[in-house]
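Just so it is clear: chains get the letters A, B, ... in the order the sequence lines come, proteins before strands, and each one is counted from 1. Keep in mind that the numbers below use all heavy atoms, side chains included, and drop hydrogens, waters and symmetry copies. The shown structure was predicted, so the numbers you read here are calculated from the model rather than taken from an experiment.
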2 protein chains.
Amino acid sequence: MTASTSPRPVRSDRVRNRAALLDAARGVLRRDPDASVDAIAAAAGLTRRALYGHFPSREALVGELVTEGARRVAAAAAASRDDDPVVDIALVGRLVWDDVEAIRAMTLSVVRGPLRETLMGDPLAPLHARLVDDVARAAAAGAAREDLPAETVARMIEGAAFTALDESVRTPLTREEGRRLVILAGLGALGLSWRQAGAVLEAHADRLVRDGAR
Amino acid sequence: MTASTSPRPVRSDRVRNRAALLDAARGVLRRDPDASVDAIAAAAGLTRRALYGHFPSREALVGELVTEGARRVAAAAAASRDDDPVVDIALVGRLVWDDVEAIRAMTLSVVRGPLRETLMGDPLAPLHARLVDDVARAAAAGAAREDLPAETVARMIEGAAFTALDESVRTPLTREEGRRLVILAGLGALGLSWRQAGAVLEAHADRLVRDGAR
DNA sequence: CCGAAGTTGCACACTGTTGTGCAACTTGTT
DNA sequence: AACAAGTTGCACAACAGTGTGCAACTTCGG
C-alpha cells in the first residue's frame with residue numbers, strides 16, 4: 001500500500017508558507033507578545049485569512065512555536081553535558097543563546113496564559129532542575145555562592161540569561177558575543193567574579209563559544 | 001480671599017478612594033500589566049464607573065502611577081549617594097527595592113505603549129546615567145568587570161534587579177532579605193564574586209539593609 | 001494546459017474592553 | 001435635617017481582535 005504517495009502529496013507552497021508564518025511569529029512576538037494575528041500574517045507576507053489555513057487559532061500557532069522551541073532546547077540540553085557543574089551551567093547558557101528566538105518568544109507570550117503549564121511544566125522543568133542541581137553541587141564544592149538558596153540562584157541565572165537576550169535585541173551581537181554575554185551573566189549570578197568567569201570561558205572556549213562543535 | 005475654604009472644600013471619601021484606586025492599580029498591574037479597568041476598580045472595592053470619576057481614562061490612571069513612582073525614586077536617588085561607585089550601585093539597588101511596586105508597575109505596563117517616553121525619557125534616565133557612570137568609575141578603579149562595555153553592564157545590573165523583584169513575587173521576602181537579594185544580584189552583575197559582594201554588604205549594612213536611616 | 005491546492009478580499013458574528021450618559025441611591029459635611 | 005458630593009447600576013456607542021464563510025483569483029504540479 002503506497003498510501004504515502006497520495007494523488008496530491010504536499011504542495012511546496014504550504015510548507016514554505018507555514019515556516020514563514022512561524023518565523024514571522026517568532027520575530028513579531030519577541031517584540032510584542034500580544035501582537036495580533038494580522039500583524040504576524042503580514043510579517044510573513046500573507047493575509048490573516050491565509051494564516052487560518054495553516055493554524056486553526058492563534059493559540060495553536062503560539063503553541064506550535066512553544067513546543068517546537070522547547071523540543072529543540074530539550075534536545076540540545078540532553079546532548080551536551082559536563083561533570084563540572086560550573087562548566088555545565090556555562091554550557092546551558094550557550095545552548096539557550098543558540099535558541100534565543102524560540103525561547104524568547106515562548107517565555108514572553110506564554111508566561112501568563114493558558115499554555116503556561118504546557119511549557120514550563122514539561123519540557124523546561126528538567127532544564128531548571130539540572131540548573132538547581134548544578135548550583136547545589138557547585139556550592140558544595142566551594143565553586144559557587146553559598147549565601148542564597150540554590151533555587152533562588154538558579155532563577156537569578158535564568159533571569160540573567162533573559163536580560164542578556166534582551167540586550168541582544170538592543171545592540172546587535174554576533175553569535176560569539178552573544179554566547180559570551182549569556183555565559184558571563186550566568187556565571188556572575190552564580191557568584192563568580194568576572195575574572196573567574198572569564199577564566200572558565202577561556203578554558204573551555206572550544207565548547208562554549210566556538211562554532212562547529214557538534 | 002479665603003478661596004481655599006470654599007463652601008464644599010474636599011470630601012474625605014474622594015481622597016481615600018482615589019488612594020485606594022492607585023493602590024489597587026499597583027497591586028493588580030504588577031501581576032497583569034494588561035489588567036482591565038474593571039479589575040482595578042473591583043480590587044479597590046469600587047465600580048468601574050466610579051473610577052472614571054477620579055481618572056478620565058485608563059491611561060491617566062497608569063500615568064499617575066508612573067509619574068508618582070518615578071518622582072519617588074528620583075527623589076530617593078538624589079537623597080542618597082556615595083563616592084565609592086560600588087557602594088553607590090548597592091545604594092541604588094536598595095532604593096529600587098524600596099519602591100518595588102511602583103517600579104514594577106511602571107516598567108511592566110509602560111515599557112511598551114505610548115507612555116514609554118514619558119517615563120524612560122525623563123525621570124529614570126538620570127538613574128541609568130548614574131549607573132553607567134558608577135560602572136565606568138568602578139572599572140577604572142579595578143573594582144568592577146572590564147570585559148564588557150559600561151552600558152551593557154549597567155543594563156545587566158538593572159536586569160538583575162528586576163529578576164530579584166520577580167523572585168520576591170514568587171517567594172515572599174522580608175524587607176531586609178529583599179534588599180540583600182537586589183544588592184547581591186546587582187554586584188554580581190558588576191563582576192564581584194559573591195564573597196566580595198557580601199563584604200560590601202556587611203561593611204555598609206547600616207545604610208544598605210537596615211531600616212530607619214533616612 | 002488543466003485541476004486542485006492555496007490565497008485573497010470581502011462580509012459577518014462574537015467577544016472583551018474603553019469611555020460616556022443618566023436616574024436613583026448612599027454617604028459626608030454643615 | 002438638608003444639600004451636595006460621590007457612588008451605583010444600567011444602557012449605550014465605539015473600537016480592536018478573533019474566527020468563519022464564500023466567491024474569485026493565483027500558483028503549483030502532473
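The side chain of A:N17 contributes no N or O atom lying less than 4.0 Å from OP1 or OP2 of C:dG6. Using a 4.0 Å cut-off, no side-chain N or O of B:R11 falls inside it from OP1 or OP2 of D:dG6. The phosphate of C:dT7 has OP1 or OP2 within less than 4.0 Å of a side-chain N or O from A:H54.
C:dT29 atom C1' lies 11 Å from atom CG of B:D13, rounded to whole Å. For the pair A:L21 CG and C:dG6 C1', the interatomic distance rounds to 12 Å; values are reported in whole Å. When the C1' atom of D:dG17 is taken as reference, atom CG of A:L29 falls 15 Å away, rounded to whole Å.
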| note | Each nucleotide of nucleotides 8-21 of chain C classed B (base within 4.0 Å of a protein heavy atom), S (only sugar-phosphate) or -, in 5' to 3' order, makes BB--------BBBB
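When the side-chain contact (heavy atoms from CB on, under 4.5 Å) test is applied to A:E158, the partners found at least two apart in sequence or on another chain are A:H128, A:L131, A:R155.
Between A:R94 and A:E176, no side-chain nitrogen of the basic residue sits less than 4.0 Å from a carboxylate oxygen of the acidic one, so the salt-bridge criterion is not met. For A:D82 and A:R207, the salt-bridge test passes: some basic side-chain N is under 4.0 Å from an acidic carboxylate O. Using a cutoff of 4.0 Å between basic side-chain nitrogens and carboxylate oxygens, B:R130 and B:D88 are scored as salt-bridged.
Counting heavy atoms from C-beta on, the side chains of A:I157 and A:F162 never come closer than 4.5 Å.
Distance CG/B:L192 to CH2/A:W194: 11.5 Å, rounded to 0.5 Å.
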